[in-house]
Amino acid sequence: MPLTAVILAAGQGKRMNSDRPKVLQPLAGRALLAHVLDAARDIKPDAINVVYGHGGDSVRECFPDADLAWSHQAEQLGTGHAVAQALPSIPDDHQVLVLCGDVPLVTAECLKPLSDYGDGSEVVVLSAELEDPSGYGRIVRGQNGSVVSIVEQKDATPEQAAIAEINTGLMRIPGGKLGKWLDRIGNGNSQGEYYLTDIIAIAIADGAEVAAVPAGDPGQLLGINDRAQLAVAERVLQRRYADAAMSAGATLADPARFDQRGSLSVGRDVFIDAGAVFEGEVALGDRVSIGSNCVISDTTLGDDCLVHPSSILHGVIAGPKCEIGPFARLRPGTEFAAQVKIGNFVEVKASEIAAGSKVNHLTYIGDTAVGAGVNVGAGTIVCNYDGAYKHRSSVGDGAFIGSGVMLVAPVEVGEGATIGAGSIVTKTAPANELTLTRAKQVTVKGWKRPQKPAK
Ligand code: UD1
Ligand code: CA
C-alpha cells in the first residue's frame, strides 16, 4: 500500500510557556520533530508531509532536507484542520499515516501494528493503556468491544474520563476517504477546535471499519505537552541510548547519569564514568575510558585513550593511547597522533601534536604544529593572537620547552631545540641549540621591605 506520513507540527505548545515552537524543543539535544522524522523515514513511506504553522519558517528552516514536503497551517484550528492542509498533496490511493511532532519517542517498530493491520480500507488507531491517562483522548468502545469514538479529556464525561485506553495520536486512514470525513467535522467542543479524532465516529457512521490496536510499548508514545513530560521523555530516551552503548561493549558506571545528545559509537570494553555528556558525533575506540563529568562533542578517540575527569573535548581527533586531563580543554582543530599526553589546565586549539609529546600542566597551545617527542613545560603559552590576526607556529620533533615560556607567533622552534624557562621567544630557535631570553639575576644587598610604623 502506498503511504504518505503526515506529521502534525503546527501547534504552539502553550503549556511549554516558551518562545520556541514546541516541535523545536530539544530532546537529547535534537528537536522533537527530528526524532519523529527518524521514525517516519525508518518505515520508508512514499512521501513525508510536515504540517507547520506556529513559529512559521523557523520550523522549516531547521529541516532543509529534500525528502520533505511542507503544508502550511496559517491558524492552528485543531488536529483535523491540520491534516486537511496536507490533503491536497496526498494521492487518493495512499494510506495516510498521521504522526505527531510532539510524540517523539516513537520508533518504526512501534508503528508496525498500524501498518500491519487489515487491507487498507480501515481506520486504525494506535492505542495504549495507561495507569494515568490524564490529558489524552479516550478510546470509547461499545457493548461488543468495538470502537465507537474518541473523546478528548476536556469533553469527557466522568465515566469516559475513567477509561484507561487512550489515543496515542497516531493513526492510519485511507487517503481516498479522509477528505470527505474531514469535511464533516465541526468545532463545537470545549476547545473550539477541529479535532482529527472526530473522524472516528464519522467513519463508523459511513460504514467504515475502525480498529484501535494496542501499542507494544506504551512508553514510546508519550506525548510532550509540558516540560515535566519533556523531562520524562528525556530519561526514557537516554536509557534507550545507554542500553545501546552497553550492548555495543561499554560499561556505564551509572546508566541513569549518562547523556547522549547525538550519535555515539563505542568499541569493546569502553568505560564511561558517571555524568559524562556526549554531543554531536562521537566515536570511541576499544578500551577508551572517559572520566566523570567530561563533556565530549564531535570527537573521535583512538583505542586505549584515557580521558580523566572534568575534561572538555570539542572537535578533537586523537590517535591511540592518548591521555587527557583532568581539567583539559581541547577545542576544534585539535589533532593528536598516538600517545600524546595532555595534563591538567591545558588548552589546545587548532593544533596538531605528533606522537609521544607531552603538555602536562597549565599551558595554552593554539594554531601550532607540534612535532613528536616534544616536552612542553608548565605554564607555556603560544601567543597566537596579535589583536587582529592569528598566526601559526611550529615546534620541531624532540624539542624541549622549559616552563613559563611565551612563544610569540608566528615563530619556529627547531628540531631538538631547548628553550630555557621563562623565555619570550620571538625569533626562530635553531635546531639542537639552547635558546633563552632571560635578564640577569641580581640581588640587592641590604634592601628592606617597606613597613608601616609600629603603633
Ligand atoms: C492529541 C489528540 C488526543 C491524543 C493526544 C496524544 C486530538 C484532538 N487530540 O491531543 O486524542 O490523546 O494528541 O498525544 O487530535 N497540531 C497542529 N495544528 C493544530 C493543532 C495541533 O499541527 O491546529 C499538532 C501539534 O503541534 C501537535 C499535535 O498536533 O504536534 C497534537 O496537538 P496537541 O494540541 O498537542 O493535541 P493533544 O491535546 O495532545
Ligand atoms: Ca499533544
Side-chain angles (χ1 to χ4, degrees), residues 5-16 18 20-25 27 31-37 40 49-56 58-60 70-87 98-106 123 125-130 132-140 147 149-156 160-161 163-171 173 181-182 185-202 212 215 218-230 232-233:
V6 174
I7 303 177
L8 306 185
Q12 172 184 0
K14 290 191 195 74
R15 289 162 279 184
M16 284 284 173
S18 173
R20 210 195 279 241
K22 178 163 67 173
V23 294
L24 296 186
Q25 293 289 341
L27 175 72
L32 294 181
L33 181 54
H35 296 275
V36 182
L37 285 170
N49 196 309
V50 185
V51 182
Y52 72 108
H54 185 82
S58 65
V59 175
R60 256 187 101 150
W70 294 86
S71 300
H72 189 238
Q73 185 189 25
E75 270 187 287
Q76 285 72 62
L77 302 179
T79 49
H81 180 259
V83 172
Q85 309 313 302
L87 204 58
V98 178
L99 302 175
C100 292
D102 68 345
V103 182
L105 298 175
V106 60
V123 176
V125 178
L126 196 63
S127 73
E129 294 246 356
L130 297 186
D132 176 14
S134 52
Y136 292 93
R138 307 297 204 279
I139 309 277
V140 181
V147 178
S149 63
I150 296 177
V151 178
E152 290 307 299
Q153 158 119 8
K154 288 184 177 142
D155 305 296
Q160 289 168 334
I163 297 171
E165 189 185 9
I166 61 102
N167 167 32
T168 64
L170 280 39
M171 53 181 89
I173 309 157
W181 293 338
L182 285 174
I185 62 177
N187 63 353
N189 49 53
S190 66
Q191 302 188 79
E193 288 185 3
Y194 295 90
Y195 293 160
L196 175 63
T197 44
D198 281 356
I199 68 162
I200 299 304
I202 293 167
Q220 306 199 337
L221 295 154
L222 180 67
I224 312 291
N225 297 313
D226 58 34
R227 292 181 199 255
Q229 287 168 325
L230 185 63
V232 172

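Computed from heavy atoms alone, side chains included, the values below leave out hydrogens, waters and symmetry copies. Both counts, for ligands and for their atoms, begin at 1 and track the order of listing.
Relative orientation of the H72 and Y52 rings is tilted, given thresholds of 30° and 60° on the angle between their planes.
Using a 4.5 Å cut-off on side-chain heavy atoms (C-beta onward), Q76 and Q12 make no contact. The shortest side-chain heavy-atom distance between V103 and T168 does not fall under the 4.5 Å cut-off.
Put simply, the side chain of S18 gets close to the backbone of R20: a donor and an acceptor are under 3.5 Å apart. Without hydrogens or angle criteria, R60 side chain to S58 main chain gives no donor-acceptor distance under 3.5 Å.
Shown here are the salt bridge (charged side-chain N to carboxylate O under 4.0 Å, His left out) partners of E193, two or more places apart in sequence or in another chain: there are none. By the salt bridge (charged side-chain N to carboxylate O under 4.0 Å, His left out) test, D198 pairs with no residue at all, sequence neighbours left out.
Rounded to the nearest 0.5 Å, atoms NE2 (H54) and CD (Q73) are 12.0 Å apart. One distance of note links CG of L196 with CD1 of I173; it measures 5.0 Å at 0.5 Å rounding.
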Provide, line by line, the atom pairs where ligand 1 and the protein bring an N/O atom each to a distance under 3.5 Å; else say none.
residue	atom	partner	partner atom	Å
ligand 1	9 (N)	E152	OE1	3.0
ligand 1	9 (N)	E152	OE2	3.1
ligand 1	11 (O)	G137	N	3.4
ligand 1	11 (O)	E152	OE1	3.4
ligand 1	11 (O)	E152	OE2	2.7
ligand 1	11 (O)	N167	ND2	2.8
ligand 1	12 (O)	G137	N	2.9
ligand 1	12 (O)	N167	O	2.6
ligand 1	15 (O)	T79	OG1	2.7
ligand 1	18 (N)	Q73	OE1	2.7
ligand 1	22 (O)	A10	N	2.9
ligand 1	23 (O)	Q73	OE1	3.3
ligand 1	23 (O)	Q73	NE2	3.1
ligand 1	23 (O)	L77	N	3.3
ligand 1	23 (O)	G78	N	2.8
ligand 1	23 (O)	G78	O	3.1
ligand 1	26 (O)	G11	N	2.8
ligand 1	30 (O)	L8	O	2.9
ligand 1	30 (O)	D102	OD1	3.4
ligand 1	35 (O)	D102	OD2	3.0
ligand 1	35 (O)	N225	OD1	3.4

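For the Ca ion (ligand 2), the nearby protein N/O/S atoms, meaning those under 3.0 Å, are D102 OD2, N225 OD1.
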